[in-house]
There are 2 protein chains.
Amino acid sequence: MNEVFRALGDPTRREILTLLKRRDMTAGELAERFPLAKSTLSGHFNVLRHSGLIVSERHGTTIVYSLNLSAFEEALSAVMDLLHAGRPRPERKR
Amino acid sequence: MNEVFRALGDPTRREILTLLKRRDMTAGELAERFPLAKSTLSGHFNVLRHSGLIVSERHGTTIVYSLNLSAFEEALSAVMDLLHAGRPRPERKR
DNA sequence: ATCTTATTTCGGTGTTTGGCGAACTAGCGA
DNA sequence: TCGCTAGTTCGCCAAACACCGAAATAAGAT
């Protein structure tokens, strides 16, 4: 969860996510949308992947990135926890 | 909104928020809960205040911090935007 | 095998961030 | 006024971060 928030902390990464919410995209397609070096974008992909917010799948020479919805669910309920004061969430043992 | 995400990116700041969701607290009370210098915490308060997530009110010599719920609503719907709006949109013809 | 395309990893740099202690400000009471 | 307490601001440092170009990897095509 810590990783998720850190990942969401960068504007470029959030924009990557909003692009991916429309459709899956390859690393190259995504990189085209930004005025940054491909290597820089690749770094962002790594952060997002480690946070669990996106997943990657190799197709031949290209790598397709897509959103991992369940990671978003977690982020969502984390913010909700912060919101709904005094109501400790059950679940999640240990 | 950008500021909000940046503010949420730091674990210490998120912990400050979870403390404040239980009750309003003074800067000193909050600082006691962390193994950090007061000046460091003061910096975190500033970030949170500028992001709009908390508000401060002076009471004599102490400063009371409290959550600003509406900023959370915004953060919440921002994550929701990332989650819902868009993905499998079969887009009805017209 | 070699070439080409797609992408990542590596080494480096400049900037931002979180941390500290010391110095400063604000308000209160003697 | 002076002194005390609560907080903040200031100057500094080290670690983390975003960014780049160059080199490395991966896989299909020739």
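Just so it is clear: chains get the letters A, B, ... in the order the sequence lines come, proteins before strands, and each one is counted from 1.
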Report task. Could you check how far CD of A/E29 sits from P of C/dT5, rounded to whole Å? Result -> 17 Å
Report summary line: Nearest-nucleotide check on DNA chain D, A/T61 vs A/A37; residue mapping nearer the 5' end is A/A37
Report task. Figure out the CD/P separation between A/E32 and C/dT5, and round it to whole Å. Result -> 14 Å
**Report entry** Shortest side-chain distance from B/K38, nucleotide among C/dT9, C/dA22, D/dG7
**Finding:** D/dG7
Query - Closest listed nucleotide, where the reference is the side chain of B/H44 and the choices are C/dG21, C/dG27, C/dG18 - result: C/dG18
Requested in this report: Answer with base, sugar-phosphate or nothing: what part of the nucleic acid does B/Y65 contact at a heavy-atom distance below 4.0 Å?
Outcome: sugar-phosphate
Query - Side-chain touch B/E32/B/M25, heavy atoms, less than 4.5 angstrom - result: no
Query raised in the report: Can a side chain N or O of B/N46 be found less than 4.0 Å away from OP1 or OP2 on D/dG7?
Result: no
Query - Sugar-phosphate, base or nothing in reach of A/T62, heavy atoms under 4.0 Å - result: sugar-phosphate
Query raised in the report: Which atoms form the tightest heavy-atom contact between B/G52 and B/N68, and what is the distance?
Result: O-ND2, 2.9 Å
Query raised in the report: Quick one: B/E57 CD to C/dG27 C1', roughly how many Å, whole number?
Result: 16 Å
Report summary line: Where DNA chain D forms runs of at least three Watson-Crick or G-U pairs (i with j, i+1 with j-1, under 3.5 Å), the stems are C:1-30 with D:1-30
Query - A/R33 and its side-chain contact (heavy atoms from CB on, under 4.5 Å) partner, picked from A/I16, A/L19, A/L41 - result: A/L19
Report task. With heavy atoms under 4.0 Å as the rule, sort B/L36 into base, sugar-phosphate or nothing. Result -> sugar-phosphate
Query raised in the report: Expressed in angstrom and rounded to an integer, what is the separation of A/H59 atom NE2 from D/dA26 atom P?
Result: 18 Å
Query raised in the report: Separation of A/R58 atom CZ from D/dT25 atom P, in whole Å?
Result: 13 Å
Query raised in the report: Donor-acceptor pair, A/S51 side chain versus A/L48 backbone, under 3.5 Å?
Result: yes
Report summary line: Here the distance between atom C1' of C/dG18 and atom CD1 of B/I16, to the nearest Å, is 12 Å
**Report entry** Side chain of A/A27 - closest among D/dC19, D/dT8, C/dT7
**Finding:** C/dT7
Requested in this report: Please tell me if the side chains of B/H44 and B/F34 come closer than 4.5 Å, counting only heavy atoms from C-beta onward.
Outcome: no
Query raised in the report: Does B/H50 reach the side chain of B/N46, with side-chain heavy atoms less than 4.5 Å apart?
Result: yes
Requested in this report: State which of D/dA18, D/dT8, D/dA22 makes the closest approach to the side chain of A/D10.
Outcome: D/dA18
Query raised in the report: Is a side-chain donor or acceptor of A/R14 paired with a backbone partner of A/L8 at a separation under 3.5 angstrom?
Result: yes
Requested in this report: Quickly work out the B/N2 CG to D/dA18 P distance and round it to whole Å.
Outcome: 13 Å
Query raised in the report: Any donor-acceptor pair under 3.5 Å joining the side chain of B/T40 to the base of C/dG18?
Result: no
Query raised in the report: Under 4.0 Å: is that the gap between some side-chain N or O of A/R6 and OP1 or OP2 of D/dC17?
Result: yes
Report summary line: For A/D10 and A/T12, the nearest pair of non-hydrogen atoms, with its separation, is OD2-N, 2.9 Å
Report summary line: A/T26 has its side chain closest, among C/dC10, D/dG7, C/dT7, to C/dT7
Report task. Round to a whole Å and report the spacing from CD of A/E3 to C1' of D/dA16. Result -> 13 Å
Query raised in the report: What's the shortest heavy-atom distance between A/R58 and A/I63, and which atoms?
Result: NH2-CD1, 3.7 Å
Query raised in the report: Would you say the side chain of B/S42 and the base of D/dG7 hold a donor-acceptor pair, judged only by whether the two atoms sit under 3.5 Å apart?
Result: no
Query - Touch class at under 4.0 angstrom, heavy-atom based, for B/R49 against every strand present - result: nothing
Requested in this report: Please determine, for the side chain of B/F45, which listed nucleotide (C/dA26, D/dT8, C/dG19) has the closest atom?
Outcome: D/dT8
Report task. Could you check whether A/P11 gets within reach of a base, just the sugar-phosphate, or nothing at all, counting any heavy atom under 4.0 Å? Result -> nothing
